[in-house]
There are 2 protein chains.
Amino acid sequence: MLTSVDADVIRALGDPLRLKIVTLLARETLCTTHLVEETGARQTNLSNHMKVLREAGIVETEPCGRFTYYKLKPEVLAGLSERFAELAASARTASENKRACP
Amino acid sequence: MLTSVDADVIRALGDPLRLKIVTLLARETLCTTHLVEETGARQTNLSNHMKVLREAGIVETEPCGRFTYYKLKPEVLAGLSERFAELAASARTASENKRACP
DNA sequence: TTGTCACATCATCACTCGCTGATACGAGCG
DNA sequence: CGCTCGTATCAGCGAGTGATGATGTGACAA
């Protein structure tokens with residue numbers, strides 16, 4: 001069952017720019033400079049979004065000299081996928097469980 | 001691939017109250033009165049959230065006399081689940097694709 | 001028809017959020 | 001050491017968002 005904790009993760013993914021970042025990171029492990037190039041956003045702006053993704057537990061940081069690489073945590077995405085699949089499966093049978101008008 | 005359109009759906013689900021509503025609707029088809037009882041929210045507030053979910057294409061309305069029943073659209077949730085699953089699968093191999101430092 | 005109920009919409013207010021410029025800080029290079 | 005580069009943090013501003021009370025609308029019952 002979806003708990004309120006997941007709302008933070010979902011909200012973190014509900015921003016177009018962050019969703020694009022996640023999509024990019026799903027293909028490659030990138031550092032901030034790469035993400036700035038790919039998205040066209042300012043460095044400061046991007047750093048803020050990365051902080052949101054980091055605090056939501058969606059990405060991990062990996063320092064490499066002066067650079068900071070970001071990579072996704074697949075288990076978080078997989079967990080979300082599973083929970084949505086459960087909701088969808090449950091929703092398919094929900095039409096029959098119509099509670100009577102009060 | 002995740003498009004920017006999906007950000008709206010994800011954002012709509014990124015609110016704790018709306019997530020609770022969706023969870024409730026995954027089990028039963030309910031009308032506004034039921035949801036008010038279950039969530040404890042005001043009717044006006046709830047109606048606003050239902051509008052968001054409706055415009056995001058997550059729920060459908062079904063008038064029944066004076067009552068309005070809401071039910072989930074399973075295919076939307078299933079689609080989200082699938083996309084997240086793709087991202088997770090792709091992310092598992094992304095660690096190896098580390099782009100060189102610029 | 002009149003009243004009530006279920007629900008939606010509107011206007012408003014407080015608050016949050018995203019974006020930006022300025023700044024701080026650590027790592028490497030000269 | 002001093003400098004530059006990559007990155008994070010901070011303060012501030014404007015836009016978007018959630019909660020609320022008042023109001024509108026359609027459906028049913030008396």
Side-chain angles (χ1 to χ4, degrees), chain A residues 4 6-25 28-71 98-102, chain B residues 4-22 24-25 28-71 98-102:
Chain A
S4 60
D6 291 301
D8 296 333
V9 178
I10 299 174
R11 164 170 291 179
L13 292 171
D15 182 88
L17 181 52
R18 288 198 289 266
L19 199 53
K20 184 169 185 177
I21 293 171
V22 168
T23 305
L24 290 170
L25 289 179
E28 289 179 292
T29 296
L30 299 169
C31 66
T32 310
T33 307
H34 294 133
L35 290 171
V36 168
E37 293 173 2
E38 295 285 345
T39 63
R42 306 292 178 89
Q43 179 266 325
T44 302
N45 186 13
L46 209 81
S47 192
N48 284 331
H49 283 296
M50 297 319 293
K51 183 179 182 181
V52 174
L53 289 174
R54 207 185 318 134
E55 291 180 347
I58 299 175
V59 302
E60 280 179 334
T61 61
E62 182 186 334
C64 172
R66 291 187 292 180
F67 304 89
T68 303
Y69 276 91
Y70 289 97
K71 57 180 176 182
K98 182 184 292 185
R99 190 184 293 189
C101 301
Chain B
S4 61
V5 179
D6 291 301
D8 296 332
V9 178
I10 299 175
R11 166 171 289 177
L13 293 171
D15 182 89
L17 181 52
R18 287 197 289 265
L19 198 53
K20 185 169 184 178
I21 293 171
V22 169
L24 290 171
L25 289 180
E28 289 179 292
T29 296
L30 299 169
C31 66
T32 310
T33 306
H34 295 133
L35 290 171
V36 169
E37 292 173 3
E38 296 285 345
T39 62
R42 306 290 179 90
Q43 180 265 326
T44 301
N45 187 13
L46 209 81
S47 191
N48 284 333
H49 284 294
M50 296 318 293
K51 182 179 182 180
V52 175
L53 290 174
R54 206 186 319 135
E55 290 181 347
I58 299 174
V59 301
E60 279 179 334
T61 61
E62 182 185 334
C64 173
R66 290 186 293 179
F67 303 90
T68 303
Y69 277 92
Y70 289 97
K71 57 179 176 183
K98 183 183 291 186
R99 192 184 293 191
C101 300

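Numbered from 1 within each chain, the chains take letters A, B, ... in sequence-line order.
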N/O to N/O distances under 3.5 Å, protein versus nucleotides 10-17 of chain D:
| from | atom 1 | to | atom 2 | distance (Å) |
| --- | --- | --- | --- | --- |
| D:dT17 | OP1 | B:R11 | NH1 | 3.4 |

Can you confirm whether A:T39 sits close enough to A:N45 that some side-chain heavy atom of one is under 4.5 Å from a side-chain heavy atom of the other?
no
Closest-nucleotide 5' rank along DNA chain C - winner of B:R54 and A:A41:
B:R54
Looking across every strand, which nucleic acid part, if any, lies under 4.0 Å from A:S47 by heavy atom: base, sugar-phosphate, or nothing?
base
Once you round to the nearest 0.5 Å, how far does CG of B:L30 lie from CD1 of B:I21?
10.5 Å
Non-neighbouring partners of A:N48 that pass side-chain contact (heavy atoms from CB on, under 4.5 Å), sequence neighbours left out
A:T44
Rounded distance (Å) that lies between atom P of D:dG18 and atom CG of B:L13:
13 Å
Write down the distance between CG (B:N45) and P (C:dC13), rounded to a whole number of angstrom.
18 Å
Polar-atom pairs under 3.5 Å, protein N or O versus N or O of nucleotides 25-30 of chain C: list them with distances, or write none.
none

Do the non-hydrogen side-chain atoms of A:Y69 and A:H34 ever get within less than 4.5 Å of each other?
yes
Side-chain donor-acceptor distances from residues 52-68 of chain B under 3.5 Å, at least two apart:
| from | atom 1 | to | atom 2 | distance (Å) |
| --- | --- | --- | --- | --- |
| B:E62 | OE2 | A:K98 | NZ | 3.0 |

Length of the CD-C1' vector between A:E55 and C:dC17, whole Å
14 Å
Between CG of B:L35 and P of C:dC7 the distance, given in whole Å, is 9 Å
Do you know which of B:H49, B:M50, B:K20 makes side-chain contact (heavy atoms from CB on, under 4.5 Å) with B:L35?
B:M50
Drop me the distance from A:L24's CG to A:L19's CG, to the nearest 0.5 angstrom.
10.0 Å
Would you call B:L25 and B:K71 a side-chain contact if the rule is heavy atoms closer than 4.5 Å?
no
Just to confirm, is there a sub-4.0 Å distance from OP1 or OP2 of C:dC19 to any side-chain nitrogen or oxygen of A:H49?
yes
May I have the distance from A:L17 (atom CG) to C:dC17 (atom C1'), rounded to whole angstrom?
13 Å
Has the side chain of B:Q43 got a donor or acceptor that lies under 3.5 Å from a partner of the other kind on the base of C:dA6?
no
Expressed in angstrom and rounded to an integer, what is the separation of A:M50 atom CE from D:dT9 atom P?
12 Å
A:Y69 side chain near D:dG6 phosphate (N/O to OP1/OP2, under 4.0 Å)
no
Strictly by salt bridge (Lys or Arg N to Asp or Glu O under 4.0 Å), give each pair with a member in residues 38-48 of chain B just once, sequence neighbours left out.
A:R99-B:E38
In whole angstroms, how far is the P atom of C:dA6 from the CZ atom of B:R42?
17 Å
For A:L46 and D:dT9, what is the distance between atoms CG and C1' respectively, to the nearest whole Å?
15 Å
